[in-house]
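Structure first, commentary second.
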Amino acid sequence: MGSMMKEERIEEESKEAILYVNGVRRVLPDGFAHLTLLEYLREIGLTGTKLGCGEGGCGACTVMVSFFDQNLKKCVHHAVNACLAPLYSVEGMHVITVEGIGNRKAGLHPIQESLARSHGSQCGFCTPGFVMSMYALLRSSKEQPTEEQIEESLAGNLCRCTGYRPIVDAFRVFAKTNNALYTNTSLQDINTGEFICPSTGKPCSCGPKAENSEETIKQNLSNDCGWKPFSYNETDGTTYTSKELIFPPELLLRKLTYLSLSGSNGRKWYRPVKLQHLLDLKARFPDARLVVGNTEVGIEVRLKGIHYPILISVADVPELNHISVEDDGLEIGAGVKLSQLVDVLKKVRNNRPEYETSSCRALIEQIKWFAGTQIRNVASVGGNICTASPISDLNPLWMATGAKFRIIDCKGNVRTCLAKNFFRGYRKVDLTSSEILLSVSLPWNKPFEFVKEFKQSHRRDDDIAIVNAGMRVCLEEKDKKWVVSDALIVYGGVAPLSFAASKTSDFLIGKSWNKELLQDSLKILEKEIVLKEDAPGGMVEFRKSLTFSFFFKFFLWVCHQMDGQPLFLEKVPASHISAVDSSLRPSVSSVQDFEIRRHGTSVGSPEVHISSRLQVSGEAEYTDDAPMPPNSLHAALILSKKPHARILSIDDLGARSSPGFAAIFLAKDVPGNNMIGPVIHDEELFATEFVTSVGQVIGVVVADTHENAKLAARKVHVEYEELPAVLSIEDAIQANSYHPNTERCMTKGDVELCFQSGQCDSIIEGEVRVGGQEHFYLEPHGTFIWTVDRGNEVHMISSTQAPQKHQKYVAHVLGLPMSKVVCKTKRIGGGFGGKETRSAMLASAAAVPSYLLDRPVKIILDRDIDMMIMGQRHSFLGKYKVGFTNAGKVLALDLHIYNNAGNSLDLSAAVLERSMFHSHNVYEIPNVRVNGKACFTNFPSNTAFRGFGGPQGMLIAENWIERIAVEVNKSPEEIKEMNFISEGSVLHYGQKVEDCTLGRLWDELKSSCDFINAQNEVETFNCHNRWKKRGIAMVPTKFGIAFTFKSMNQVPNASPTAASASSDMYGAAVLDACEQIKARMEPIASKSNFSSFEELVSACFFERIDLSAHGFYITPDIGFDWKSGKGSPFRYFTYGAAFSEVEIDTLTGDFHTRRADVILDLGFSLNPAIDIGQIEGAFLQGLGWVALEELKWGDKAHKWIPPGCLLTCGPGNYKLPSLNDMPFKFNVSLLKNAPNTKAIHSSKAVGEPPFFLASAVFFAIKNAIKSARMEAGYNDWFPLDNPATPEHIRMACTDEFTKLLVNSDFRPKLSV
């Protein structure tokens, strides 16, 4: 048999592996088995496909893969994550990247054009991924996709800049069929000459228009026009544009063949095309890993450094990829992709009796929330099962439904195992090394058999479960009662494996389905599911509460399904129905309301930004896209594994023998100064004797490839003597651990006298814990650095907001004059403050090997390393004491504020100062004392982030305002209004308020959102719904504009692109230069009537007029003296306000933002489209900070995480908002007729001010929780920390289920 197999294999083995990329045939040589598709594409120059995370979590690497499906007998088109796809897994396929569908020279694809026109790109790094997800959807749709399908197709794509609204609007047009979008017809209407908006499909104002000085634009971006469907062809895409790539005819005719290929580090790749081939390979290599989508193995290899020498791709084994509909159920091949499974399940659901498909419907719903589209397109049923993750979404359902697994061994023997008996322990299953999973048998359901899925995660879209469940119960009529004849309750996320609650399940059998059964079952469940305090994953109380909540929901759901059946007496109260209703998310609607004040041809107009067409086509180049010369090296950092320790020894022998190794450099090798820092030099470039955080840089390794550099760095062995570590603000306070000279104080009036004089009717004290936030710029940190003239000069391309700091740091570290160091930054893929100072450290680390070896060096951080070592938004602790009258008027504030600076000062003192400047938000307080300290902790140094401490200070203020409202029994909005600052108010740091538009903004918002009516509607909803609650809130903001360090407020002397001040400063400097040139040109212009500006310039040239100028600008009338604590640190203030309405599920902590209305005073906007985009992006980023994005560090609150380590170091564990987190209604307005005389063209800064307004969502959540607590009899004030994750929401909603676990004042743990 073996020899026959060998002959057959040799006969069928492919003589060459081929791949088509953008229509070009490419032969894949042997030796590339270690490469991913992304690495290959970028290696051949297709850099439009980006590396954002390396784990399939961000979508920046999305491409479309087309292949001929042998089972379906047709071409299929799928979006996939190129960062996870092994190169050889796409052999015989056609890969289309963003470069393949359109470009600026040959013409953009309609998808690209619509996205550019709709202002759907900002930094642009994520843009190609969005384009390709949408493109794959259109190529695979037989009819125009629905808006829901479009949004679902984008679930695997993240954007940190735009807030998603313009992206949705750009793609929403493809849910219709304006033929102009699928041909080369212009969007300018042929008959009427009107511009057709790509967002609405209607004539609108965003296209070319007449020159007017003033206009008011109100765009309603709802979609209500119906167009005819576009034509569809599986292989030919020319129905979209005439330039569309077809499916290569060679691949239609080509037969799939057996592959046996190799790669570096001993990697072997096999692709069997018959089951017998696979079984023989499994016999030869019993420990080989079987892969289909590589979604698990790929992450293990990249993030955990696991080496798998043998990989066997089973994606093309026909017997594993077939689904058959049988009389007794579905037979599902183990290799079937999840997206294919859903398609079949939906057909079955529609074609068979409803009662038979309860299991099918549960699977459909659960898979909907399983990862993103790109993952579902490649992940297999069997892969998910055999990974045996304790939080697998599907395994609890397979178990609950009574599914059976068919297993085959290498000799062809088949056995069957019940799903509930298949899982043996953590990542252990009932498979021997000689067996594989062949298929899954899913039985049809019987009458009155009900199956339901449950899942709660941090984020709905593309997120792993915190707890999930599959539940099945079968009822039968017996003795005029409905009793349970069979049941199985299975949970994920509560044990090392998917856990069948057998005691609870057994108890149900024979019992009547009624409230008594519910109560008794919960008692058994409480004892059966045991989670220890230090259980991996933490959130023990929350996870256990979810087991109760899910069972309760299941009980209600079954009762609801049985409603109307004879003799079934257990009715679901009307107030409980919403607990089991799976409410459908409506399509997003939005309005952008602004006026246009034009200055010349473009200033003031909503213009598309100039890089947008480069970004949508993938032509925009970022740091990692820069081509590298042949002798270049890649760098990787050697990082500390301890939060605080003495370095005893460093052994680099393993690194030196590693493949591709070139050199290693430590502190002793630094040619200049090893001490660095943006304000004071308190940080070592490479650690010498001590390390003070996990992730501190000890040295750098360079090698021939990025992967080899990482491998060598991992082989450097460091021995430590561990020392005590400070791992929270509370630890720092107890240990008196503060950065030197960072204590700050501001005073106004006499706080102590006010407290003691009896003026205050009430005095309250409390603490506010404010969580940190990861920047998660889509482009990781990176620098490409090289020497010029044999090291006489050093040049670099860096992803940074502060090229001057790179120049300064590198010169300092290398011992060179700054004039010998050049840093260039064309664009960055997001920064938000995170690339202001920390990026210079990275450039310095790469500069050492480049300078000493005289070779180019590139360093690009992997996402997990970036998140672990590069710093984040500071967490804060605020301790307040506030005195006020019975009416709610604030009289005195005594505030102690602490930030978690980390192990070096960086910008933490300035962040602390701004938080103190903003600690009153917008409230007039006669007596104020604010003390601040920057805590030294054993974490990587925290750094600048949008808002720079301001949001943290304002959030603390809004918390005590909310508490005052509870104390005096008024709404928070009433308390805010009576305490607003006004024109002429003097703030606690001495600055006088001028041009205050706060009251006007607030009143306009209150009117436009119809606040009183909204309040009444929420109250009505809450009265009629016990387990769903709604809440509303209005929040104001006032953000000071200027660098608080006075000397930084100048241009063109290099200042960072930061502090929201760039347009003010650079714009004014450019205007100064333009006015100089204009003055020189005027005498020439007056002599003749020139037909164009070009003609005038030419005339000036011949008259020898100087046509260049040096513009200069300093921000006037600013300054602050910390000795006196008084001054005017800000040029002006940007005011804003927001209204939000949310709905929470009190049983699970899930929430939706139903509505958000935002209004800002931006003066006369320089570009309303860009300003609106900044507001929307800031709001969604702020929503992440207040409600989704939780950093989890190894500290006293999270003992199951190694001390000082960051658990949430990638999109797998750290969840920023996805498209699904957008408000259902998202309205943004700019205040009209509000010129700002203190900035260029009467504009105002926009980058940071809107961020805090997302706290309206946070306080709306708290308002909803308050309603839930009141219904349970708890009326007192309660704390709520940000982020208000599902855990924080659920555990604050005290009810009969949480009372089984915790008291009503329980406060979940938070890394602060």
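This structure is a prediction, so every number in the text was calculated from the model and none was measured.
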Self-check item: Pairs flagged by ring-ring contact (aromatic ring centres under 6.0 Å, His included) wherever residues 807-849 is involved - sequence neighbours left out
Solution: His681-His812
Quiz item: Just how far is it from atom NE2 of His307 to atom CG of Leu711, taken to the nearest 0.5 Å?
Solution: 9.5 Å
Quiz item: Would you call Pro1211 and Phe776 a side-chain contact if the rule is heavy atoms closer than 4.5 Å?
Solution: yes
Quiz item: Taking only residues two or more places apart in sequence, or in another chain, which ones meet Arg267 in a side chain to side chain donor-acceptor pair (under 3.5 Å)?
Solution: none
Quiz item: Residues in side chain to side chain donor-acceptor pair (under 3.5 Å) with Asn708, at least two apart?
Solution: Asp704, Thr705
Self-check item: Donor on one side chain, acceptor on other, Asp682 and Ser904, under 3.5 Å
Solution: no
Exercise. Taking only Lys NZ, Arg NE, NH1 and NH2, and the carboxylate oxygens of Asp or Glu, determine whether Arg838 and Glu683 approach each other closer than 4.0 Å.
Key: yes
Quiz item: More than 12 non-hydrogen atoms from neighbouring residues, nucleotides or ligands closer than 6.0 Å to NZ on Lys715, yes or no?
Solution: yes
Quiz item: In terms of side-chain heavy atoms, does His874 have a donor or acceptor partner in Ser908 at a distance below 3.5 Å?
Solution: yes
Quiz item: Above 12 or not: heavy atoms from other molecules or residues under 6.0 Å from NZ of Lys1192?
Solution: yes
Exercise. Report the relative orientation of the aromatic rings in Phe125 and Tyr622; use parallel for angles under 30°, tilted for 30 to 60°, perpendicular for over 60°.
Key: perpendicular
Exercise. Please state whether the rings of His775 and Tyr777 are parallel, tilted or perpendicular, taking 30° and 60° as the class boundaries.
Key: parallel
Quiz prompt | All side chain to side chain donor-acceptor pair (under 3.5 Å) counterparts of Ser313, not counting sequence neighbours | solution = none
Quiz item: Looking only at side chains, do His781 and Ser799 share a donor and an acceptor under 3.5 Å apart?
Solution: no
Quiz item: Listed by chain and number, what are the salt bridge (charged side-chain N to carboxylate O under 4.0 Å, His left out) partners of Glu722, not counting sequence neighbours?
Solution: Lys642
Quiz item: Can you tell which of Arg42, Arg827, Lys858 makes a salt bridge (charged side-chain N to carboxylate O under 4.0 Å, His left out) with Asp625?
Solution: Arg42
Quiz item: Do Asn81 and Glu55 have side-chain N/O donor and acceptor atoms under 3.5 Å apart?
Solution: no
Self-check item: Steps toward side-chain hydrogen bond (donor to acceptor under 3.5 Å, both in side chains) verdict (Asp906, Thr837)
Solution: CA-CA 7 Å; Asp906 193 72; Thr837 58; 2.8 Å; yes
Self-check item: Which residues share a side chain to side chain donor-acceptor pair (under 3.5 Å) with Thr783, sequence neighbours left out
Solution: Ser798
